[in-house]
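Quick notes on the structure that follows.
Any value given below was found using the heavy atoms of this structure, including those in side chains, with hydrogens, waters and symmetry copies removed.
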Amino acid sequence: MDTLTRDDLRGLIEQPRGTSVSIFLPTPRAEPELHQHAIRLENLLRQAEARLVAAGRSPQAARQQLGAAYDLLGDRQFWARQGAGLALFAGPDLFRVYRVPLDLEELVVVNERPYVAPLLPLLSDDGQFYVLALGLGGVRLLRAGHYHMSQVALRGVPASLPDALKYDDFAKQAQFHPSGGGRAGAVFYGQGARDGRASKEEILRYFQLVDHGVREQLHDQRAPLVLAGVAYLLPIYREASTYAHLLVQGVACNPDHLQPEELRARAWAIVAPTFARERVVALDRYRLLAGMQLALASSYLRAIVPAAHAGRVDTLFVAAGRRQWGIFEPSSGMLTLHEEAQPRDAELVDLAAAQTILNSGSVYAIASQQMPDSAPLAAIFRY
């Protein structure tokens with residue numbers, strides 16, 4: 001079981017079409033409730049099995065599709081490692097289970113592809129950013145969000161400052177001015193290069209090599225980059241950096257002494273206002289365009305769903321928790337709405353969001369009361 005990331009979400013959306021089961025379950029970690037989670041999942045699996053049969057699968061095929069999920073019911077270790085919510089996806093060639101840091105409602109959806117709408121708040125609240133953990137003994141580049149963090153390989157970067165000194169001729173070119181038996185401006189940093197000291201010039205050159213690796217990794221991205229390191233290293237790296245989205249504020253610490261969760265939380269506190277501003281700016285832009293009545297913004301569902309399918313939606317606002325069932329015919333652009341789910345129905349909020357993501361648009365899941373025109377969807381169009 002994994003913690004779901006933005007890339008995982010896109011991978012689910014890109015799954016080949018086929019009858020998929022999507023199950024969402026709240027799993028608060030209170031110990032007395034752990035056995036109850038398994039009971040509730042079993043109930044949801046039986047609902048899913050019945051819906052698969054109603055959709056035309058044989059009872060044997062339906063049970064087989066959900067077999068791996070049924071195997072979880074008696075796995076005590078599995079239930080001891082839960083987050084706030086559980087998302088489970090089972091298709092003909094798909095089985096994924098994710099810990100989800102969201103308060104989910106119990107829900108079963110059987111559809112032609114995984115149903116991701118309950119997870120859309122992760123897109124709004126989990127903007128991707130990077131943390132560069134600095135140290136003269138080595139650096140680490142970390143991809144992070146509100147709820148997760150993982151290390152990214154940095155290629156072509158010296159493993160440490162001492163390693164850089166071994167093969168880079170900048171060490172020979174640096175000008176040192178001995179004073180009192182030492183080097184002016186030397187910084188003590190422990191075991192390593194030569195006598196365990198480095199000048200600012202050496203550190204700067206090392207960080208220039210690191211910056212080159214960072215730019216190679218993030219060359220076409222706009223994600224914020226947060227520095228984490230002991231205080232004197234941060235301004236030296238900023239002097240070396242050429243990455244346009246390096247944030248001014250950093251995490252002053254020894255990153256090797258922090259637990260990953262603490263490092264992620266401290267970096268998130270720095271980037272969160274940036275992502276909040278993006279949402280506010282996007283909503284202001286929507287209101288401006290809607291007020292100009294130029295057909296570049298709409299909260300009309302019958303306009304948004306076909307536009308999303310055609311790749312015309314630049315920015316989509318989704319009312320968290322709202323659902324609208326219906327049938328969309330791509331060939332004609334016709335949309336039929338139903339108050340309750342009917343056979344062959346798709347959930348149209350989910351459909352519009354998935355198509356927007358697949359076409360590289362931005363999706364914001366926001367509280368229903370904050371939605372323009374109190375609609376389940378609102379969109380800014382590309383043209």
Practice prompt. Please assess Val251 against Leu227 for the test side-chain contact (heavy atoms from CB on, under 4.5 Å), listing each intermediate value before the final yes or no.
Written response: CA-CA 6 Å; Val251 180; Leu227 299 181; over 6 Å; no

**Request:** Determine, step by step, whether Leu218 and His245 satisfy the side-chain contact (heavy atoms from CB on, under 4.5 Å) criterion, reporting the C-alpha distance in whole Å, the side-chain angles of both residues, the deciding distance to 0.1 Å, and the verdict.
**Result:** CA-CA 10 Å; Leu218 308 182; His245 306 288; over 6 Å; no

Does the side-chain contact (heavy atoms from CB on, under 4.5 Å) test come out yes or no for Leu288 and Asp284, once each step is laid out?
-> CA-CA 6 Å; Leu288 175 65; Asp284 287 345; over 6 Å; no

Problem - Criterion side-chain contact (heavy atoms from CB on, under 4.5 Å) on Ser20 and Gln15, from CA distance to verdict - result: CA-CA 10 Å; Ser20 294; Gln15 283 291 315; 5.9 Å; no

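Taking 4.5 Å as the limit, every side-chain heavy atom of Val116 sits out of range of all side-chain heavy atoms of Ser22. Side-chain atoms of Leu283 and Arg287, non-hydrogen and from C-beta on, do get closer than 4.5 Å to each other. No side-chain heavy atom of Gln324 sits under 4.5 Å from any side-chain heavy atom of Leu377. Residues Leu142 and Leu263 are in side-chain contact: their nearest non-hydrogen atoms beyond the backbone lie under 4.5 Å apart. The closest side-chain heavy-atom distance from Val210 to Leu132 is below 4.5 Å. Side-chain contact between Val214 and Val139 is absent, with no heavy atoms from C-beta onward closer than 4.5 Å. Within the 4.5 Å cutoff, no side-chain heavy atoms of Glu239 are placed close to those of Pro235. For the pair Leu134 and Ile203, the minimum side-chain heavy-atom distance is 4.5 Å or more.
Within the structure, salt bridge (charged side-chain N to carboxylate O under 4.0 Å, His left out) pairs that include any residue of residues 131-143 comprise Arg140-Asp256 (at least two apart or interchain). Evaluation of the ring-ring contact (aromatic ring centres under 6.0 Å, His included) test over residues 328-358, restricted to residues two or more places apart or in two chains, returns His309-Phe328.
Taken together through direct or relayed side-chain contacts under 4.5 Å among Ile, Leu, Val, Met, Phe, Trp and Tyr, Ile13 and Val313 form part of one hydrophobic cluster. At a threshold of 4.5 Å between side-chain heavy atoms, the hydrophobic network of Ile, Leu, Val, Met, Phe, Trp and Tyr places Met334 and Leu337 in two separate groups. Under the 4.5 Å side-chain heavy-atom criterion for ILVMFWY residues, no single connected hydrophobic cluster contains both Val53 and Val109. When the side chains of ILVMFWY residues are joined at heavy-atom separations under 4.5 Å, either directly or via intervening members, Leu94 and Leu119 end up in a single hydrophobic cluster.
With hydrogens and angles ignored, the 3.5 Å screen pairs no side-chain donor or acceptor of Arg323 with any backbone N or O of Glu347. Gln65 places a side-chain N or O within donor-acceptor distance of the main-chain N or O of Thr19, the cut-off being under 3.5 Å.
Residues forming a side chain to side chain donor-acceptor pair (under 3.5 Å) with Thr242 (at least two apart in sequence, or on another chain): Asp211, Arg215. Taking the salt bridge (charged side-chain N to carboxylate O under 4.0 Å, His left out) definition, one finds that Glu216 meets it with nothing, sequence neighbours left out. Annotation: ring pair (Phe, Tyr, Trp, His ring centres under 6.0 Å) contacts of Phe89 (sequence neighbours excluded): Phe24. Listed by chain and residue number, Phe207 satisfy the ring pair (Phe, Tyr, Trp, His ring centres under 6.0 Å) test with Tyr237 (two or more places apart in sequence, or in another chain). Partners of Arg113 according to the salt bridge (charged side-chain N to carboxylate O under 4.0 Å, His left out) rule, which considers only residues two or more places apart in sequence or in another chain, are Asp350. With sequence neighbours left out, the salt bridge (charged side-chain N to carboxylate O under 4.0 Å, His left out) criterion links Glu261 to Arg264. Applying the side-chain contact (heavy atoms from CB on, under 4.5 Å) test to Ala68 and every residue at least two apart in sequence or in another chain returns Phe95. Glu329 is linked by a salt bridge (charged side-chain N to carboxylate O under 4.0 Å, His left out) to Arg344, counting only residues two or more places apart in sequence or in another chain.
Taking a 6.0 Å sphere around CG of Asp93, one finds it holds 12 or fewer heavy atoms contributed by other residues, nucleotides or ligands. Within a 6.0 Å sphere centred on CD of Gln64, other residues, nucleotides and ligands contribute 12 heavy atoms or fewer.
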Which pairs would a plain distance check flag for residues 290-304, meaning a side-chain donor or acceptor within less than 3.5 Å of a matching protein atom at least two apart in sequence or in another chain?
residue : atom : partner : partner atom : Å
Ser298  : OG   : Tyr300  : N            : 2.9
Ser299  : OG   : Asp373  : OD2          : 2.7
Arg302  : NH1  : Leu335  : O            : 2.6

Can you give the donor-acceptor pairs under 3.5 Å from side chains of residues 69-77 to other protein atoms, not counting sequence neighbours?
residue : atom : partner : partner atom : Å
Tyr70   : OH   : Glu49   : OE1          : 2.6
Asp75   : OD1  : Gln77   : N            : 3.2
Asp75   : OD1  : Phe78   : N            : 3.0

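How far OH of Tyr286 is from CE of Met371: 7.5 Å, rounded to the nearest 0.5 Å. The line from CD of Glu106 to CG of Leu44 is 5.0 Å long, rounded to the nearest 0.5 Å. The CZ atom of Arg10 lies 5.5 Å from the OG atom of Ser360; values are rounded to the nearest 0.5 Å. Taken from OG1 in Thr27 to CZ in Arg40, the straight-line distance is 8.0 Å, to the nearest 0.5 Å.
Taking each heavy atom of Arg322 and Pro376 in turn, the nearest pair found is NH2-CD, 3.4 Å.
Inspection of the Gln221 and Tyr130 side chains reveals an N or O donor paired with an N or O acceptor under 3.5 Å. Side chains of Arg238 and Ser241: a donor-acceptor N/O pair is absent below 3.5 angstrom, by distance only.
Electrostatic pairing of Glu278 and Arg222 does not count as a salt bridge here, judged by no charged N lying under 4.0 Å from a carboxylate O. Salt bridge status for Glu201 with Arg205: absent, with no side-chain N to carboxylate O gap under 4.0 Å.
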